[in-house]
4 protein chains.
Amino acid sequence: MMQCPLKSKRWERRKEARPQELLAAALDLFVERGFAATRLDDVAARAGVSKGTLYLYFANKEELFKAVIRENMLPALDEAEDIVKQHKGDSASLFEEIMLGWWERIGLTKVSGISKLIMAESGNFPEVARFYYEEVTSRVHGMIVSMLEHGIARGEFRPIDTKEAMRVVVAPMVMLMMWNQSFGACSMEPISPQSYLRTYLDIVLHGLLREPAVSSSPRK
Amino acid sequence: MMQCPLKSKRWERRKEARPQELLAAALDLFVERGFAATRLDDVAARAGVSKGTLYLYFANKEELFKAVIRENMLPALDEAEDIVKQHKGDSASLFEEIMLGWWERIGLTKVSGISKLIMAESGNFPEVARFYYEEVTSRVHGMIVSMLEHGIARGEFRPIDTKEAMRVVVAPMVMLMMWNQSFGACSMEPISPQSYLRTYLDIVLHGLLREPAVSSSPRK
Amino acid sequence: MMQCPLKSKRWERRKEARPQELLAAALDLFVERGFAATRLDDVAARAGVSKGTLYLYFANKEELFKAVIRENMLPALDEAEDIVKQHKGDSASLFEEIMLGWWERIGLTKVSGISKLIMAESGNFPEVARFYYEEVTSRVHGMIVSMLEHGIARGEFRPIDTKEAMRVVVAPMVMLMMWNQSFGACSMEPISPQSYLRTYLDIVLHGLLREPAVSSSPRK
Amino acid sequence: MMQCPLKSKRWERRKEARPQELLAAALDLFVERGFAATRLDDVAARAGVSKGTLYLYFANKEELFKAVIRENMLPALDEAEDIVKQHKGDSASLFEEIMLGWWERIGLTKVSGISKLIMAESGNFPEVARFYYEEVTSRVHGMIVSMLEHGIARGEFRPIDTKEAMRVVVAPMVMLMMWNQSFGACSMEPISPQSYLRTYLDIVLHGLLREPAVSSSPRK
DNA sequence: GATGAATGAGGGTTCATTCAT
DNA sequence: TATGAATGAACCCTCATTCAT
């Protein structure tokens, strides 16, 4: 079918680049449509290869998905953990740096869609959920808990239940990402990150700090 | 089952009860598996009718889903709006009453699963998302914005961007519901609502109030 | 496609007859092509239904196959076992009756193809093989061993290892069925059952009997 | 593997050895899984070459299969025919020698799996079946018929229909090979060749010989 | 009103074969 | 000669929807 001189393209070997192209296409579609609703046909097509090719690089849909997460989430997470470990200054600044960095590195990119996706499909694909929880969620949680504990230990934050507080302060960040991937994507009142983040830091730091005067006037 | 002499009576009641039974079954399954992954076969089976019967009451899967939302979300929302309108006391108490009431009325029930569900499937079923946004989300948002504005007007809350603050303070409530519907349901670190809600109110009210002294010591 | 007034046929309900029609179609195709190579599409088409319909009656390919065996093999086996149990006369006659009856009931029909099929695919579908072995093979073996033991006990057959002898005497019957299903079906020297069976009984009974004079001249 | 200084020599030998290695791998896998279920990927992998290389030596799967048969079946067949032609002694001894030799040369090796395989897949690959029939089966049949005719001519065997008798006496040998390749391989009542062959020769020779006294007591 | 048999398009996955390198 | 990336047709199975009864 379709005998054309460009057919030779078909045999172009791109072993090096293929996995990256497939992962990029998969990220796009998983985030757009969810895990179950993404057809591997479409992933392959978007990467410009046939469906069979996909199976040369990934054993199945789940492995492809795990690879997407590994590729996109883990580097940013490594960085964030480094920042926390090496931080010297006050806790409020660290908190701000981490949250704003998160937004830069994850929130602004398609990767932010993964949170929604995981939450959405965890019921039907428990193995995927477990993988994400172990590789990503638990590390994020640990990192934030340690920030809060550090702040309390230094007398900067009020003494609170750090485990619960971690969940409370994480929630608005996750929701920001999820909202813009769901309703926002359908152009229903998308959140403007700038003022949202400012207000978030204002309220949360005001809520955490022992001396709220510090952040009583929004920064920037 | 349950052979009784009043069989005719029972059948009459049944005829009217059908949609309710279907809606209950649909809520269960939609929340458990998501919109796309729920099979109408199973909904019908759980309601004790045949698959065809389902189509007598609902034109298709989407209409069934909308009916589930109408049935389960709107009454609680009506009540909450009433409470806000009729409230006389201080803003922090109202805030607490609304949030704890939300948890009682929605969070503790299966209905809480709908948030996750909507967010999850909004990409693939935009009409469903739009319906939910218009019928539910926008009303919830309006209600909370008005609570915050009222508190600021009364000089109880610090002056802040109420639209953004609304999103920030809603996020932990929504996340609580979603978490326990996704990871929590897979027994991965489920959140215990009691202490979570206490910490949430502590941090958020501390962050909102002009005189944080009021809630500096956690209640209860 | 094919808009015709007979389309209403599509909705003809045949719940009673369907399974039989599907089993008949499945027997044909399994025997013709083997288990793995039989497409359920084709089974459905031959039964005059769509692919989906097949799944209303059989959970999957393996279950369909098991049903084919149950439907076609077990009744004949029940009968044969009855004949053996109730037999009164001499052992050679019983042996002849069973073997010729086997040929009538199984060998002449498509069912005879199942032996080949099972042997062929046992490696790739062990569960199927096990099912067949337990439901069919072991019963056939038991029946023939008991015939041989009976003959020896009555002093008609020479004393031999009945387990091994059973296998030896069964082999030509199974091969007759298998040959005509494989090479014979490709019109390569098909076996003519009549003279084959006569020669088989001649040689085997001659080999088994204590007084070979009895069957020294071929019958018929 | 095996780094040795004579690398060039090794490569030359290797080049010639390739088809042999491929044929050995193919025999293993065809016998284990059947024709259709054997993946050329696996054949190549087991031979330690790439899939593409396979196509340098064999035009396609069928040709590979034919080559496997030629390589493995024909030499043993040549030998057997020689033995028959040169035999001088009595027919029963020749019969025994041929059958036990068959078992040594074919039955004990993987080659025995080919019978099952051919019978199994003849329906779907008629050309393969025809090839096997012409190259192997018809020659085996001719050889055995001539043995029987010789025995009858010498007055050792009873006069019988040699064509049918040939099939009858071949059947238990073929079944022995097939059984241990199918059910036996799944550890369902595998046949012990020793006593099986003894009983086989006992019954069949008893059935064929004019003076059954000769073999009335099992040998060995 | 109620049923449930029937449909058929569609998705994940496999594998013989091709051919640029 | 040897490679192995790429293809694409096929197959099993699912499920929303239809409609004769």
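What you see is a predicted model; the values in this text were computed from it and never measured. In what follows, chains are A, B, ... by sequence order, proteins preceding strands, each numbered from 1.
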**Prompt:** Once you round it to whole Å, what is the distance between C1' of F:dT3 and CG of D:Leu40?
**Reply:** 16 Å

**Asked** Taking CD from D:Glu63 and P from E:dA16, how many angstroms apart are they, rounded to a whole number?
**Response** 16 Å

**Asked** With respect to the phosphate group of F:dT3, does any side-chain polar atom (N or O) of D:Thr53 fall under 4.0 Å of OP1 or OP2?
**Response** yes

**Request:** Round to a whole Å and report the spacing from CG of D:Asp41 to P of F:dT7.
**Result:** 16 Å

**Message:** If you compare every side-chain N and O of D:Ser50 against the phosphate oxygens of F:dT3 (OP1, OP2), does one of them come in below 4.0 Å?
**Reply:** yes

**Asked** Rounded to whole angstrom units, what separation is found between the CG atom of D:Leu54 and the C1' atom of F:dA5?
**Response** 17 Å

**Request:** Rounded to the nearest angstrom, tell me the gap between atom CZ in B:Phe35 and atom C1' in F:dC15.
**Result:** 13 Å

**Item:** Phosphate OP1/OP2 of E:dA6: any C:Tyr57 side-chain N/O under 4.0 Å
**Value:** yes

**Message:** Without decimals, in angstroms, what is the distance between A:Arg39 CZ and F:dT14 C1'?
**Reply:** 15 Å

**Request:** Could you check how far OH of A:Tyr55 sits from C1' of F:dA5, rounded to whole Å?
**Result:** 17 Å

**Item:** Charged N-O contact under 4.0 Å between B:Lys66 and B:Glu127
**Value:** yes

**Message:** Just the rounded figure in Å: distance from P of E:dT17 to NZ of D:Lys51.
**Reply:** 10 Å

